[in-house]
Amino acid sequence: MNRPSLHSPLNHAPLHALPCVLALMFNAFVWGVSWWPLRQLEQAGLHPLWATALIYLLSLCVTLALRPGALGGLLRHRGLWLLSLGAGMTNVCFNWAVTVGDVVRVVLLFYLMPVWSALLAWWLLGERPRLASLLRMALALAGVAVVLKAPGVDWPVPESMADWLALGGGASFALTNVLLKRNSGAPAESRVLAMFGGGSVLSCATAALGVAQGHISPLPAAAPGWLLLAAGLSMAYLLGNVALQYGASRLAASTTSLVMLSEVLFASASSVLLGAAELPLQVWLGGALIVAAAAWQALTPGADADGSGH
């Protein structure tokens, strides 16, 4: 998840970097199209929070089976507990949002990385934002304003729960990346375990609270259909994480961040083709500003975003 700060732009990457780029694109593909199996699971009666809890529980068990020593590292590095919280919030918000909201809109709001990364790096790492960081923040915020501005509304504010979840998930994603950098001394397998554990525990706790308050349906009875789909999605997430670490550990952080933006393309194309999203001119314009800000950050040597996957 943590990569050496080599400042090679994507179009100058050597040929041996192609497998690494393809690995990162596979991770982006998994996350970009994950909305579809999550919606299929919801139609089978499994709320996205329960689905997230089960998916990450399986990934957690596989990680412990393959790397049993990861638990010791998690217990020794207390900073990883906060990483668990950040990763858990990221997955709770993102998976819930893409299940109930417009997929393209959710992904664009989620990728408000230049704003959250600069603010959190300033707060947690003491990295004061430079002029370029402030300009990227302004560009990204302008894009969000365009996406959120609705006819007859004076201010561009989130209009649905999916909007709020997407914004909260993006902030949690940025927090996760900052905490990965802050805890770079912890073993890699312990960081992975913390992230899978956070995704499972926080999703389960949130779902249980929702059930107690009558907002979420209880966990349905086991059925082969949704169990197999949940297991398949869990393995896809696990393989995506392995691909992310393979590619990101061998490429520049800037290259990784840029390639991971392909998630927006995968999410947009799949959701439009399957009728789960609309792309009016307003979304095109706002999305272009947001992606431009993220790409600018990715191409900037020493940029403050870590660029890790979900």
Side-chain angles (χ1 to χ4, degrees), residues 10 24-25 27-40 42 48 89-119 133-174 177 257-299 305 307 309-310:
L10 182 60
L24 292 177
M25 290 189 70
N27 178 266
F29 173 79
V30 168
W31 281 99
V33 303
S34 63
W35 64 270
W36 185 83
L38 286 169
R39 291 192 178 191
Q40 298 304 305
E42 186 186 39
M89 284 299 299
T90 299
N91 289 284
V92 165
C93 293
F94 181 82
N95 288 352
W96 197 351
V98 293
T99 306
V100 301
D102 181 284
V103 176
V104 174
R105 185 181 176 100
V106 166
V107 172
L108 288 175
L109 294 178
F110 181 84
Y111 265 96
L112 195 58
M113 289 296 292
V115 175
W116 304 127
S117 296
L119 294 176
S133 296
L134 296 176
L135 292 175
R136 287 194 295 269
M137 289 172 59
L139 185 61
L141 287 174
V144 170
V146 172
V147 171
L148 292 181
K149 182 66 172 69
V153 178
D154 293 333
W155 296 96
V157 296
E159 63 179 25
S160 66
M161 182 181 71
D163 285 351
W164 286 109
L165 286 170
L167 290 170
S172 299
F173 182 36
N177 287 336
S257 298
L258 192 60
V259 175
M260 290 305 296
L261 281 175
S262 61
E263 179 183 340
V264 178
L265 175 63
F266 290 128
S268 301
S270 62
S271 59
V272 171
L273 288 174
L274 295 175
E278 297 180 357
L279 284 179
L281 180 60
Q282 178 180 347
V283 174
W284 275 105
L285 293 176
L289 293 175
I290 294 171
V291 172
W296 180 7
Q297 181 172 5
L299 290 171
H310 299 253

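The structure displayed is predicted, hence computed values, not measured ones.
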Testing the basics here: between [X] and [Y], what is the closest heavy-atom pair and its distance to 0.1 Å?
X	Y	answer
Ala294	Leu261	CB-CD2, 3.7 Å
Val107	Ala267	CG2-CB, 3.7 Å
Val146	Gln282	O-NE2, 2.5 Å
Pro48	Asn95	CB-O, 3.9 Å
Glu42	Val100	OE2-CG1, 4.4 Å

Spacing of [X] atom [atom1] and [Y] atom [atom2] [to the nearest 0.5 Å]:
X	Y	atom1	atom2	value
Leu141	Leu112	CG	CG	6.0 Å
Ser34	Asn91	OG	CG	9.5 Å
Asp102	Ser271	CG	OG	6.5 Å

Please tell me if the side chains of [X] and [Y] come closer than 4.5 Å, counting only heavy atoms from C-beta onward.
X	Y	answer
Leu135	Trp296	yes
Arg39	Val103	yes
Phe94	Phe173	no
Val144	Leu289	no

Handout entry: Exam field: side chain Thr90 to backbone Ser172, donor-acceptor pair closer than 3.5 Å
Key =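 A pair under 3.5 Å: yes.
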Practice task
Could you name each residue pair satisfying ring-ring contact (aromatic ring centres under 6.0 Å, His included) that touches residues 270-295, not counting sequence neighbours?
Solution key: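 Found none.
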Exercise for the section: List for me each residue that meets ring-ring contact (aromatic ring centres under 6.0 Å, His included) alongside Trp96, sequence neighbours excluded, and say none if there are none. Expected result: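 Trp96 satisfies ring-ring contact (aromatic ring centres under 6.0 Å, His included) with His47 once adjacent residues are dropped.
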Practice task
Apply side chain to side chain contact (heavy atoms under 4.5 Å, CB included) to Val30 and list each qualifying residue two or more places apart in sequence or on a separate chain.
Solution key: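 So Val30 forms a side chain to side chain contact (heavy atoms under 4.5 Å, CB included) with Phe26, Ala236, Tyr237.
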Exercise for the section: For Ala28, check side chain to side chain contact (heavy atoms under 4.5 Å, CB included) against everything at least two apart and list the hits. Expected result: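 Ala28: side chain to side chain contact (heavy atoms under 4.5 Å, CB included) contacts with Met260, Ser262, Glu263, Phe266.
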Problem - Those residues that, when tested against Ser270, pass side-chain hydrogen bond (donor to acceptor under 3.5 Å, both in side chains) (two or more places apart) - result: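 Trp35.
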Problem - Stepwise side-chain contact (heavy atoms from CB on, under 4.5 Å) check, Leu148 with Leu109 - result: CA-CA 9 Å; Leu148 292 181; Leu109 294 178; 3.9 Å; yes
Using atom types as modelled, flag every donor-acceptor pair under 3.5 Å from a side chain in residues 162-169 to any protein atom, sequence neighbours excluded.
residue: Asp163; atom: OD1; partner: Arg105; partner atom: NE; Å: 2.8
residue: Asp163; atom: OD2; partner: Arg105; partner atom: NE; Å: 3.3
residue: Asp163; atom: OD2; partner: Arg105; partner atom: NH2; Å: 2.9
residue: Asp163; atom: OD2; partner: Glu159; partner atom: N; Å: 3.0

